[in-house]
Amino acid sequence: MTLRPSIVEQLARARADLRLGVPVVLTSEDRAAVVVAAETLDAARLAQLRVMGGELALAITARRAETLKARAYDGDLARIVVPPDVGLHWLQAVADPADDLATPMKGPLRAQRDGAADLHRAALTLAKSAQLLPAAVVLPVEDGPALASENGLTLIPLALAETELFRASPLHPVASARLPMQAASAGRVHIFRPEDGGEEHYAIEIGKPDRSKPVLVRLHSACFTGDVLGSLKCDCGPQLRAALAQMGQEGAGILLYLNQEGRGIGLANKMRAYSLQDQGFDTVEANHRLGFEDDERDFRLGAGILREMGVSRIRLMTNNPRKVRMMEANGVAVTERVPLKVGLTPENAAYLATKAAKSGHLL
Ligand SMILES: Nc1nc2c(ncn2[C@@H]2O[C@H](COP(=O)(O)OP(=O)(O)OP(=O)(O)O)[C@@H](O)[C@H]2O)c(=O)[nH]1
Ligand SMILES: [Zn+2]
């Protein structure tokens with residue numbers, strides 16, 4: 001027994017640190033680096049990094065590099081050299097596409113080619129999972145563990161962390177209660193909590209679904225703007241209500257409310273994407289310009305909750321074939337895809353057409 005935090009707990013701290021703007025130390029084999037999320041770095045810490053010496057790099061994803069016409073020598077990412085005379089504003093302009101159109105030239109940007117990119121890759125993975133912009137300032141240091149202990153910084157040895165970074169954290173039920181709803185008087189809300197300190201997710205169980213038969217299921221990704229505000233830009237709110245209504249009519253079903261706002265990029269980044277959409281980019285282009293993939297959701301957690309609830313065969317309410325594939329790949333058999341076509345508005349017609357054309361959604 002030890003009081004020392006496990007690597008999973010250290011990773012949760014690292015995410016919180018990055019959100020606060022606190023540096024984190026990453027180590028791999030004989031290398032070490034101090035990393036800070038570009039979005040939360042402040043001038044004082046940037047100055048301190050400069051005093052420490054060494055070549056500062058800004059890690060960005062290949063998606064962001066493509067927009068900036070920078071070379072992604074590492075395949076999925078680019079290590080942009082930070083010139084000695086630039087300030088915070090430059091770093092944030094490379095990280096954040098908000099002003100790309102107003103001030104197109106950030107460069108020419110020079111990318112590092114030699115050396116390993118594993119610390120940079122881990123920094124980007126951490127920034128994404130902290131729902132920050134995927135951009136991190138990385139400074140190589142000599143003795144990572146010493147720097148971490150002298151400054152009280154979180155230390156992440158990649159050899160221990162790598163499998164954890166990409167593992168779906170197990171989810172456990174924490175509480176549940178009866179909830180009569182407009183759509184169904186026999187409702188029950190179950191809260192599931194992951195072991196890695198991440199978001200909680202909810203299962204809304206209607207009636208008592210018979211587990212020996214395929215259960216009517218909807219995997220709903222949180223959409224604050226659509227679910228709560230009645231946004232006309234997407235179809236989430238009407239889909240949420242239609243799914244609950246059909247479960248109410250059939251007398252049984254499970255709606256998973258997954259807190260993967262903005263297809264997994266978080267509400268702040270989704271609002272950044274909406275701003276880009278107001279500049280003329282579609283939903284997929286906007287995600288790419290920010291440095292994200294079209295869809296950053298992890299559907300393993302939906303499959304995990306269903307398994308935890310004793311459900312292994314489902315009738316899945318969706319127009320998204322990827323969801324069907326992800327359920328099947330994670331041990332949940334989809335016996336039927338139930339289309340969910342509601343909520344078409346003049347404002348979301350182009351959005352739905354883009355999803356059909358670029359993301360394979362069925363119209
Ligand atoms: N990044 C981003 N996320 C969006 C945008 N519009 C809606 N979302 C999010 O997308 C998620 C809903 O995903 P959809 O693509 O509408 O639908 P789906 O879940 O893939 O497929 P269905 O099961 O057919 O509804 C929610 O998390 C929304 O917050 C957008 O323009 N950009
Ligand atoms: Zn929505």
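Order of listing sets the numbers, starting from 1, for every ligand and every atom in it.
- The side chain of Y274, and not its backbone, has at least one atom closer than 4.0 Å to an atom of ligand 1 (non-hydrogen atoms only; side chain from C-beta on).
- Every atom of ligand 1 with a heavy atom of Q260 under 4.0 Å away is listed here by number and element: 27 (O).
- Atom CG of N287 sits about 9.5 Å away from atom CG of D282, to the nearest 0.5 Å.
- Only the side chain of K323 comes within contact range of ligand 1, with a heavy atom under 4.0 Å; no backbone atom does.
- Using a 4.0 Å cut-off between heavy atoms, Y351 contacts ligand 1 through its side chain alone, with no backbone atom that close.
- Residue contacts with ligand 1, taken as heavy atom pairs separated by less than 4.0 Å, involve I265 solely via side-chain atoms from C-beta onward.
- When each atom of ligand 1 is checked for a heavy atom of A222 under 4.0 Å away, the hits are 26 (C), 27 (O), 28 (C), 29 (O).
- What sits closest to atom 30 (C) of ligand 1 on the protein, heavy atoms only, is T283 OG1, 3.2 Å.
- With a heavy-atom cut-off of 4.0 Å, N287 touches ligand 1 through its side chain alone.
- Judged purely by atom type and a 3.5 angstrom limit, T345 uses its side chain to pair as donor or acceptor with the backbone of N348.
- A salt bridge does not link E328 with R325: every distance from a Lys NZ or Arg NE/NH1/NH2 to an Asp or Glu carboxylate oxygen is 4.0 Å or more.
- Atoms of ligand 1 found under 4.0 Å from any heavy atom of N319 (numbered from 1 in listed order, with element): 22 (P), 23 (O), 24 (O).
- For atom 16 (O) of ligand 1, the nearest non-hydrogen atom of the protein is K355 NZ, 2.6 Å.
- Between D295 and R322 a salt bridge is recorded (basic side-chain N to carboxylate O distance below 4.0 Å).
- For the atom pair CD (Q246) and CD1 (I206), the distance works out to 11.0 Å, reported to the nearest 0.5 Å.
- Judged by distance alone, the side chain of S169 and the main-chain N or O of E195 form a donor-acceptor pair under 3.5 Å.
- A salt bridge is defined here as a Lys NZ or Arg NE, NH1 or NH2 lying under 4.0 Å from an Asp or Glu carboxylate O, and E296 with R63 fails to meet this definition.
- In this structure H220 satisfies the ring pair (Phe, Tyr, Trp, His ring centres under 6.0 Å) test together with Y257, sequence neighbours excluded.
- A side-chain donor-acceptor contact under 3.5 Å links R64 to the backbone of R289.
- The shortest N or O to N or O distance between D295 and ligand 1 is not below 3.5 Å.
- For ligand 1, the atoms lying closer than 4.0 Å to a non-hydrogen atom of C223 are 28 (C), 29 (O).
- Remark: minimum distance from atom 22 (P) of ligand 1 to any protein heavy atom is reached at T318 OG1, 3.4 Å.
- The protein heavy-atom contact nearest to atom 5 (C) of ligand 1 is R263 NH1, 3.7 Å.
- Contact check on E200 versus R193 returns a salt bridge, with a Lys/Arg side-chain nitrogen under 4.0 Å from an Asp/Glu carboxylate oxygen.
- Of all the heavy atoms of K233, none lies under 4.0 Å from any atom of ligand 1, so neither backbone nor side chain is involved.
- Atom NZ of K358 is surrounded by more than 12 heavy atoms from other residues, nucleotides or ligands within 6.0 Å.
- The number of protein N, O or S atoms lying under 2.8 Å from the Zn ion (ligand 2) is 3.
- With respect to R121 and D74, no salt bridge is recorded, no charged nitrogen being found less than 4.0 Å from a carboxylate O.
- The heavy atom nearest to atom 3 (N) of ligand 1, out of those in G262, C236, A243, A286, is found in G262.
- Within the 4.0 Å heavy-atom criterion, the part of K270 lying near ligand 1 is the side chain and not the backbone.
- Annotation: R71, atom CZ; neighbour count of heavy atoms from other residues, nucleotides and ligands within 6.0 Å does not exceed 12.
- Looking at R218, M317, R297, it is R297 that brings a heavy atom closest to atom 13 (O) of ligand 1.
- Counting non-hydrogen atoms of neighbouring residues, nucleotides and ligands closer than 6.0 angstrom, the CG atom of D85 exceeds 12 such neighbours.
- The backbone N or O of A161 lies less than 3.5 Å from no partner atom in the side chain of E164, so there is not a single donor-acceptor pair.
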